[in-house]
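Input: a single structure, listed below in structure tokens.
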2 protein chains.
Amino acid sequence: MTAPGEAARRKPARRPTIKDIARRAGVSESAVSFALNDRPGVSQDTRARVRRVAEELGWQASSAARALSGERAGCAGLVLARPAQTLGVESFFLQLVSGIQEVLSARKIALLFQVVEDLDTECALYRRWWAEGRVDGVLVVDPRTEDPRPGLLASLGLPAVVVGGLATHPPGGPQPAAAHPPLSTVWADDAKAMARVLDHLYGLGHRRIAHVAGMPGLAHTERRIRSLRTEADLRGLDERQVRSVTTDYSDAEGAEATRRILDAAEPPTAIIYDNDVMAVAGASVAAGRGIPVPARLSIVAWDDSALCRVTHPRLTALVRDTPGFGRLAAQELLAVLDGGPLRTVEGELPHLEARESTGAPPAG
Amino acid sequence: MTAPGEAARRKPARRPTIKDIARRAGVSESAVSFALNDRPGVSQDTRARVRRVAEELGWQASSAARALSGERAGCAGLVLARPAQTLGVESFFLQLVSGIQEVLSARKIALLFQVVEDLDTECALYRRWWAEGRVDGVLVVDPRTEDPRPGLLASLGLPAVVVGGLATHPPGGPQPAAAHPPLSTVWADDAKAMARVLDHLYGLGHRRIAHVAGMPGLAHTERRIRSLRTEADLRGLDERQVRSVTTDYSDAEGAEATRRILDAAEPPTAIIYDNDVMAVAGASVAAGRGIPVPARLSIVAWDDSALCRVTHPRLTALVRDTPGFGRLAAQELLAVLDGGPLRTVEGELPHLEARESTGAPPAG
DNA sequence: AGAACGTACTAATGCGCTTTAGTGAGTGTC
DNA sequence: GACACTCACTAAAGCGCATTAGTACGTTCT
């Protein structure tokens with residue numbers, strides 16, 4: 001008699017293998033393999049019998065064995081490079097991941113998810129995953145303007161899909177000098193989305209607008225800033241009237257940026273925030289100073305979430321279907337794994353959900 | 001000449017194997033294996049040489065091969081069973097995961113992370129992971145009062161650690177009738193934490209207190225509710241003065257619960273919310289009704305986050321070290337994988353960060 | 001000097017699966 | 001009735017590693 005804990009823990013429940021199936025079905029192991037993988041070489045009868053036995057035994061192919069012989073790990077990877085404290089509140093990633101998995105799990109592909117501190121660690125991790133044969137492909141998020149990852153992945157021959165950009169410029173615009181290396185990409189048209197936001201604010205009468213952007217160096221940050229400038233130019237608004245500042249996406253920097261913006265001699269009548277957390281932080285700064293929203297300051301959040309709906313007033317937000325974007329990315333990765341051509345796929349355009357935080361600017 | 005995309009994508013860069021190392025170092029494959037795994041049987045000289053060659057080649061053991069021969073997948077699993085829309089804003093999980101990985105990745109153990117819809121799917125996934133040999137162990141989160149998972153995992157013999165509960169009662173208290181199956185557990189003492197919250201509010205003078213709890217059936221929800229009742233009894237507060245209602249953790253239900261609570265004939269002077277999102281939603285409802293916080297209503301949030309700091313007033317919150325909790329859980333899983341004894345480990349007690357949302361109740 | 005032992009290595013086996021190369025029985029052909 | 005040919009299946013090899021059994025050589029003991 002062993003100790004009770006020991007006894008209960010290490011049950012001998014051995015996992016069934018095709019050998020077990022072969023024995024019970026009275027055929028060879030190879031026949032089992034053929035039967036279970038829809039390969040020709042077995043009769044309908046045998047196939048059915050083998051399937052039944054496998055079912056009974058609750059058999060599932062050992063992922064290790066399959067990976068070793070079949071050269072497929074059955075695994076995709078996703079690395080999130082964020083300093084620990086920036087991991088904050090954003091619902092974005094959990095939603096993205098949930099969308100990704102919806103598609104991957106239908107093909108029985110698991111997702112290896114890792115949070116790391118910085119880009120170098122992320123690159124090192126890709127190398128390790130590649131050398132270990134751990135993943136069949138990866139999803140690259142938070143693309144940068146100068147990004148080492150696509151080049152690295154291409155050189156390793158590790159299939160990958162870039163999520164959210166390094167996008168080619170919109171048709172008609174200038175093509176970027178150094179086109180990104182050959183990786184499939186799914187992206188959203190931030191430029192068009194930004195145009196919509198500006199349309200909304202300009203239409204309400206705003207002429208002095210600030211943009212509290214996210215991290216400099218991120219591709220979509222740059223795209224949004226550039227787009228805002230383009231759209232402002234179209235409407236004859238100069239750099240003093242419409243301008244962007246960058247932050248680290250945190251509530252602290254969002255608040256700080258807001259304070260500086262409001263301290264200006266001629267403060268803007270509207271602020272666009274690049275995420276929900278900063279928008280709420282900014283709204284809080286305004287409230288603290290007794291600045292009524294939207295009477296004296298309009299606020300727009302890029303990315304909707306519960307946050308935007310629980311504040312008072314509720315925040316006008318740019319709503320996008322993040323799980324849907326994740327599904328799109330996963331589908332594209334599957335396509336690449338199946339040997340499909342490199343593509344650049346555009347996700348759904350976000351729409352602006354106008355709520356109570358935007359209105360006409362003060363008359364003066 | 002193939003198409004440019006094709007050519008660039010499938011680089012022949014073969015992953016190095018121990019055979020390559022053996023050839024270059026002029027020894028047998030087994031010698032390489034011994035050398036790289038710190039096994040006796042090779043001289044210091046050879047060991048060093050093999051190591052150098054492996055380094056040069058950028059070799060990493062194939063996880064599949066190692067798993068197949070060594071019976072270790074080098075992978076842990078974490079499943080999050082949440083309906084998609086509840087995936088909201090909580091920073092809790094990303095932080096927990098980041099703490100877990102800090103510990104696991106030091107041992108080169110990857111984390112398989114999956115979001116599923118419900119508990120049944122989660123159980124099915126455990127079965128599949130087990131049958132596929134995909135994971136060496138799993139971390140079980142959101143333990144329930146009647147939870148099928150520990151039993152399942154124990155019967156499969158899949159090592160596991162329960163994160164956050166099914167805890168035995170505090171020493172001295174009554175032991176639960178059906179002790180949980182033999183799984184290691186890390187938990188936080190919600191009872192003591194709740195006592196602290198009540199201390200704070202009672203000390204300020206509050207005698208009518210509501211508790212907007214999380215999902216019924218979750219172990220920690222029940223623990224908090226039970227603890228609140230116990231602590232209330234100790235102070236002579238009956239069920240009309242102090243009571244809990246359950247929700248699904250969403251901002252919507254948090255707001256709805258708040259409305260109902262404030263509609264009561266004798267509304268409470270303080271509300272405790274089981275997460276940050278609901279607390280902010282509740283604060284917003286109060287603001288919408290013109291109820292000043294904390295002058296007429298005090299608010300406490302369980303779990304701190306950026307949200308609690310960006311609202312106005314900032315919310316008093318129960319702060320816990322979530323990444324630290326994740327690290328603890330991961331360490332415990334490693335201990336179990338190493339064949340250590342089953343244990344129940346208690347995490348750090350959260351502390352109450354008093355901010356502007358709590359104060360003395362109105363004089364009347 | 002031969003047995004006994006330890007050291008540093010090589011050879012061989014197996015993990016569970018996929019895949020390629022057989023093999024033997026049945027069918028059709030002239 | 002010997003020929004090619006197909007069908008349903010089995011045997012065997014190999015994926016990359018860990019591990020066990022074996023081997024050759026040098027040292028020590030008696």
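Every chain is numbered from 1 and lettered A, B, ... according to where its sequence line falls, protein lines coming before strand lines. Bear in mind the structure is a predicted one, so any value in this text is a computation, not a measurement.
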Is it the case that B:Ser33 and B:Ser30 place a side-chain donor and acceptor less than 3.5 Å from each other? no

Check whether [X] reaches the backbone of [Y] with its side chain - one donor and one acceptor, N or O, closer than 3.5 Å.
{"X": "A:Asn37", "Y": "A:Phe34", "result": "no"}
{"X": "A:Asp338", "Y": "A:Gly340", "result": "no"}
{"X": "A:Ser184", "Y": "A:Arg343", "result": "yes"}

Pair B:Ile100-B:Arg327, side chain to side chain contact (heavy atoms under 4.5 Å, CB included): steps then yes or no = CA-CA 5 Å; B:Ile100 288 170; B:Arg327 286 194 295 272; over 6 Å; no

_Could you tell me the boundaries of the chain B footprint on DNA chain C, defined by atoms under 4.0 Å from its heavy atoms?_
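Range of nucleotides touched by chain B: C:dA8 to C:dG16.
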
- Task: Flag the pair A:Asp118 and A:Arg82 as a salt bridge only when some basic side-chain nitrogen lies within less than 4.0 angstrom of an acidic carboxylate oxygen.
- Result: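 A salt bridge is absent here (no side-chain N lies under 4.0 Å from a carboxylate O).
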
Task: Residue met sooner reading DNA chain C from 5', once B:Gln44 and B:Ser69 are mapped to nucleotides - done: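 Residue closer to the 5' terminus by nearest nucleotide: B:Gln44.
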
- Is there side-chain contact between B:Arg149 and B:Leu119, with at least one heavy-atom pair below 4.5 Å? yes

A:Gln101: partners by side-chain hydrogen bond (donor to acceptor under 3.5 Å, both in side chains), with sequence neighbours left out
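side-chain hydrogen bond (donor to acceptor under 3.5 Å, both in side chains) check on A:Gln101 returns nothing, list empty.
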
**Request:** Please list, chain by chain and in numerical order, all residues satisfying side-chain hydrogen bond (donor to acceptor under 3.5 Å, both in side chains) with A:Ser69, sequence neighbours excluded.
**Result:**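 Listed in chain order: nothing, the list is empty.
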
key: Within residues 24-37 of chain A, residues whose heavy atoms come under 4.0 Å of DNA chain D   =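 Output list: A:Val27, A:Ser28, A:Ser30, A:Ala31, A:Phe34.
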
Contact check, residues 46-60 of chain A vs DNA chain D, heavy-atom distance under 4.0 Å, returns A:Thr46

With A:Val161 as partner, the option from A:Val140, A:Leu342, A:Val336 fulfilling side chain to side chain contact (heavy atoms under 4.5 Å, CB included) is A:Val336

Check the distance between [N]'s [atom2] and [X]'s [atom1] and give it to me in whole angstrom.
{"X": "A:Lys19", "N": "D:dT10", "atom1": "NZ", "atom2": "C1'", "answer": "15 Å"}
{"X": "A:Asp45", "N": "D:dC7", "atom1": "CG", "atom2": "P", "answer": "17 Å"}
{"X": "B:Ile18", "N": "D:dT19", "atom1": "CD1", "atom2": "P", "answer": "12 Å"}

- Message: Under the salt bridge (charged side-chain N to carboxylate O under 4.0 Å, His left out) test against B:Glu56, which residue among B:Arg51, B:Arg49, B:Arg24 passes?
- Response: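 With B:Glu56 as partner, salt bridge (charged side-chain N to carboxylate O under 4.0 Å, His left out) holds for just one option, B:Arg24.
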
Quick check for you: to the nearest 0.5 Å, what is the distance between A:Cys123 atom SG and A:Leu156 atom CG?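 Interatomic distance, A:Cys123 SG to A:Leu156 CG, rounded to 0.5 Å: 9.5 Å.
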
When rounded to the nearest 0.5 Å, the distance separating CD of A:Gln60 from NZ of A:Lys108 is 4.0 Å

Rounded to 10°, the angle between the first-five-pair and last-five-pair axes of the helix from C:dA1-D:dT30 to C:dC30-D:dG1 is 60°

TODO: Output yes when at least one side-chain N/O atom of B:Arg39 is less than 4.0 Å from OP1 or OP2 of D:dA18, else no.
DONE: no

